[in-house]
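Numbers here are sequence positions counted from 1.
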Amino acid sequence: MPQTNLPIPTMDEFRTQLRRHNLKATRQRLAVHEVMMGLGHASADMVCEQLSRQGSHVTVASVYNILSQLADNRIYGRRLSATSKMFFDVNVIRHIHLYDRENHTYRDIIDEELNMLVASHLRRRKFKGFTVEDIDIQLIAHPTRSKTKNA
């Protein structure tokens, strides 16, 4: 059965990642990462709301810019929901996303066997004019009526 828990970068690991990309560990970046550590996948609105609850005032635009910069530097990942809302992912190791199209939430799933099968298959394929950089698998689902755990 696939695992659903991924390691989240600690604050020290996050600071190291920032240094590696010549980014300063500003108070706002650190606050955003602290919130993302708890949320895992979140939109700028969600992060901003959580920061506000903690007594920090950061605009949604600033949070979005921070999250986008982290994603541009591959410190975070990006997900586009069915409602065209951008979500950011604190985990960048290879994993599968299960997207709940009714609640617009994501769940991480680690399935090494599936990742290896897809990568192996794609290694044998050529796409004229393109070089495959990465593989991103997203499963789109909806909750079952029963409250059983399927993943």
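For D134, the side chain to side chain donor-acceptor pair (under 3.5 Å) partners are R94, not counting sequence neighbours. Every residue meeting the side-chain contact (heavy atoms from CB on, under 4.5 Å) condition with T83, not counting sequence neighbours, appears here in chain and number order: S81, K85, H104. A search for salt bridge (Lys or Arg N to Asp or Glu O under 4.0 Å) contacts involving E49 returns R53, not counting sequence neighbours. For N103, the side-chain contact (heavy atoms from CB on, under 4.5 Å) criterion is met by D100, T105, P143, not counting sequence neighbours. Residues forming a side chain to side chain donor-acceptor pair (under 3.5 Å) with S52 (at least two apart in sequence, or on another chain): none. Annotation: side-chain contact (heavy atoms from CB on, under 4.5 Å) contacts of A141 (sequence neighbours excluded): L98. Considering only residues two or more places apart in sequence or on other chains, D12 meets the side-chain contact (heavy atoms from CB on, under 4.5 Å) condition with T10, R15.
When atom types are taken as modelled, the side chain of D89 and the backbone of N91 share a donor-acceptor pair closer than 3.5 angstrom.
Within 6.0 Å of the CD atom in E113, the count of heavy atoms belonging to other residues, nucleotides or ligands does not exceed 12. Heavy-atom neighbours of M11 CE from other residues, nucleotides or ligands within 6.0 Å: above the threshold of 12.
Among pairs with a residue in residues 119-138, none fulfils ring-ring contact (aromatic ring centres under 6.0 Å, His included), at least two apart in sequence or across chains. Within the structure, salt bridge (Lys or Arg N to Asp or Glu O under 4.0 Å) contacts touching residues 117-126 (residues at least two apart or in different chains) do not occur. Pairs engaging residues 15-42 under the ring-ring contact (aromatic ring centres under 6.0 Å, His included) rule: F14-H33, H33-Y76, H41-H97, H41-Y106 [sequence neighbours left out]. Pairs of residues two or more places apart, or lying in two chains, never qualify as salt bridge (Lys or Arg N to Asp or Glu O under 4.0 Å) while including a residue from residues 18-27.
By the rule that hydrophobic residues join a cluster once side-chain heavy atoms approach within less than 4.5 Å of another member, V35 and M86 end up as members of one cluster. Under the 4.5 Å side-chain heavy-atom criterion for ILVMFWY residues, no single connected hydrophobic cluster contains both V92 and I109. Under a hydrophobic clustering in which Ile, Leu, Val, Met, Phe, Trp and Tyr are joined whenever their side-chain heavy atoms come within less than 4.5 Å, directly or via other members, L117 and V132 fall into different clusters. Residues V60 and L39 fall into different hydrophobic clusters, defined by Ile, Leu, Val, Met, Phe, Trp and Tyr side chains chained together at heavy-atom separations under 4.5 Å.
The CD atom of Q28 sits 9.5 Å away from atom NE2 of H57, with the distance rounded to the nearest 0.5 Å. Put simply, CG on D136 and CZ on R79 are 4.0 Å apart, with the number rounded to the nearest 0.5 Å. Here the CG-CD1 distance, from L139 to I96, works out to 6.0 Å after rounding to the nearest 0.5 Å. Between the OG1 atom of T59 and the CD1 atom of I66 there is a distance of 8.5 Å, given to the nearest 0.5 Å.
Closest approach of V58 and C48 over heavy atoms only: O-SG, 2.8 Å. The heavy-atom pair separating A42 from V47 by the smallest distance is CB-CG2, 3.9 Å. Considering every non-hydrogen atom in both A25 and L18, the closest pair reads CA-CD1, 3.7 Å. Minimum interatomic distance between I137 and V118 (heavy atoms only, all atoms of both residues): CD1-CG2, 3.9 Å.
Just one of D108, N115, D111 meets the side-chain contact (heavy atoms from CB on, under 4.5 Å) condition when paired with H95; it is D108.
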Taking only distance into account, with no hydrogens and no angle test, what donor-acceptor pairs under 3.5 Å do side-chain atoms of residues 67-74 form with protein atoms, sequence neighbours excluded?
residue : atom : partner : partner atom : Å
S68     : OG   : Y64     : O            : 3.0
Q69     : OE1  : R29     : NE           : 3.3
Q69     : OE1  : R29     : NH2          : 2.6
D72     : OD1  : R78     : NH2          : 2.4
N73     : ND2  : Q69     : O            : 2.9

